[in-house]
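Report on the structure given below.
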2 protein chains.
Amino acid sequence: MSCYSVLKEKGLRVTLQRRLILDYIHDNKDHITAESIINHVHSKFPQVNKSTIYRTLDLLEKNDCVFKSKSQDKTIYHHAEEGHHHHLVCNRCGKTFDYDEDVLLPVKKKLEKTLGFQINLNHLIMNGLCKECRNLK
Amino acid sequence: MSCYSVLKEKGLRVTLQRRLILDYIHDNKDHITAESIINHVHSKFPQVNKSTIYRTLDLLEKNDCVFKSKSQDKTIYHHAEEGHHHHLVCNRCGKTFDYDEDVLLPVKKKLEKTLGFQINLNHLIMNGLCKECRNLK
DNA sequence: ATTATTATTGCAATCTGGTGCAATAAAGAT
DNA sequence: ATCTTTATTGCACCAGATTGCAATAATAAT
């Protein structure tokens with residue numbers, strides 16, 4: 001679990017609270033909401049404060065251990081393994097799907113050429129309808 | 001101002017509060033924050049409640065009169081004229097930039113072919129660094 | 001013009017996410 | 001094993017956004 005060494009390298013401490021949160025995110029390959037993380041931590045240690053959880057999530061994001069994004073109204077987190085930062089989220093069933101980073105490279109290049117704008121693909125979530133849900137209606 | 005007729009058609013009422021908000025959004029071509037909308041309405045009628053404003057914005061979004069999106073931590077609204085739904089938001093200065101819808105069409109088509117996922121381009125905001133801000137650092 | 005209907009509003013309370021600060025505890029030094 | 005340093009936590013509080021409900025007011029019917 002390399003996140004622990006990342007923390008230690010930077011002089012950050014590996015606390016019970018951080019282990020609870022990190023392990024939970026690593027055990028869940030899907031996107032998870034802040035709410036579900038809070039629930040999980042509270043189910044094991046109810047006395048852990050929610051502000052600690054939010055601060056831990058911010059810290060993990062700053063150190064590239066998790067990715068944080070907004071999907072509709074909710075804040076969503078997922079673990080940060082290489083090559084898995086790009087997500088599609090279905091507006092109907094809520095499931096997430098990965099896509100190949102290369103798909104967006106031409107867009108990135110074109111926007112840099114024409115507008116000089118450098119988009120950050122790591123934090124990009126695209127919403128829509130997945131295959132199954134499209135067939136339902 | 002077709003939004004008024006949209007409301008009337010659906011049996012929704014055109015109230016002072018809704019006129020204030022609609023007119024303000026129509027007069028502003030840029031993205032505007034919920035905060036600036038609240039400030040504007042309060043500058044004319046301080047007694048209007050903020051929950052009314054949020055509810056009105058949700059209603060206008062549901063009826064396709066405005067678009068609502070998240071940029072970083074803020075909620076952002078803009079009027080819904082055809083061909084202006086696609087935005088880049090700079091993470092440093094907060095300015096917004098439009099881009100041509102066509103840029104993303106190949107991506108949309110590819111994802112539909114390979115994954116069957118139908119992305120909704122209307123609500124897509126991409127974050128990054130604009131030309132000016134890139135040059136600053 | 002007045003009345004009846006019901007969509008809309010204001011209010012109070014709530015929820016999510018975030019902040020300053022004093023108390024606490026992890027990890028290194030002794 | 002104990003002490004010291006200071007990163008981290010819990011607490012209390014705050015801001016933005018949201019909701020249930022009773023009061024209000026926009027529109028249709030008379």
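Bear in mind the structure is a predicted one, so any value in this text is a computation, not a measurement. Quick note on labels: first sequence line is chain A, next is B, and so on, each numbered from 1.
Using modelled atom types, no side-chain atom of A:N63 and backbone atom of A:C65 make a donor-acceptor pair closer than 3.5 Å. Under the 3.5 Å distance criterion, the side-chain polar atoms of A:T56 are matched with a main-chain donor or acceptor of A:T52.
Side-chain atoms of B:H40 and B:I37, non-hydrogen and from C-beta on, never get closer than 4.5 Å to each other.
Protein atom CG of B:L59 is 6 Å distant from nucleotide atom P of C:dT8, rounded to whole Å. Computed from coordinates, the A:E35 CD to C:dT14 P distance equals 17 Å when rounded to whole Å. Spacing between atom CG of A:D58 and atom C1' of C:dG20 amounts to 16 Å, rounded to whole angstrom units. Between the CG atom of B:N63 and the P atom of C:dA7 there is a distance of 14 Å, given to the nearest Å. The CD atom of B:E9 sits 13 Å away from the P atom of D:dA28 (whole-angstrom rounding). Between the CG atom of B:N49 and the C1' atom of D:dT24 there is a distance of 14 Å, rounded to whole Å. The distance from atom OH of B:Y54 to atom P of C:dG10 is 15 Å, rounded to the nearest whole Å. Per the geometry, CD1 belonging to A:I38 stands 15 Å off C1' belonging to D:dT9, to the nearest Å.
Linking Ile, Leu, Val, Met, Phe, Trp and Tyr residues whenever their side-chain heavy atoms come within less than 4.5 Å leaves B:L12 and B:V6 in two separate clusters.
Close to D:dT18, at under 4.0 Å from its OP1 or OP2, lies no side-chain N or O of B:S51. Neither OP1 nor OP2 of C:dA25 sits under 4.0 Å from any side-chain N or O of A:Q17. Taking side-chain N and O atoms only, B:R18 has a distance below 4.0 Å to OP1 or OP2 of C:dT9.
Taking 3.5 Å as the limit, the base of C:dG17 and the side chain of A:K50 contain a donor-acceptor pair of atoms between them. On a pure distance criterion of 3.5 Å, no polar donor-acceptor pair joins the side chain of A:R13 and the base of C:dA27.
B:R55 comes within contact range of at least one nucleobase, with a heavy-atom separation under 4.0 Å. Contact annotation for B:T15: backbone-only contact, meaning every heavy-atom pair under 4.0 Å involves sugar-phosphate atoms and none involves a base.
Here OG1 of B:T114 is found 7.0 Å from NZ of B:K110. Values are rounded to the nearest 0.5 Å.
Along DNA chain D, the nucleotide nearest A:G11 and the nucleotide nearest B:K8 are compared for position; the residue whose nucleotide lies closer to the 5' end is A:G11.
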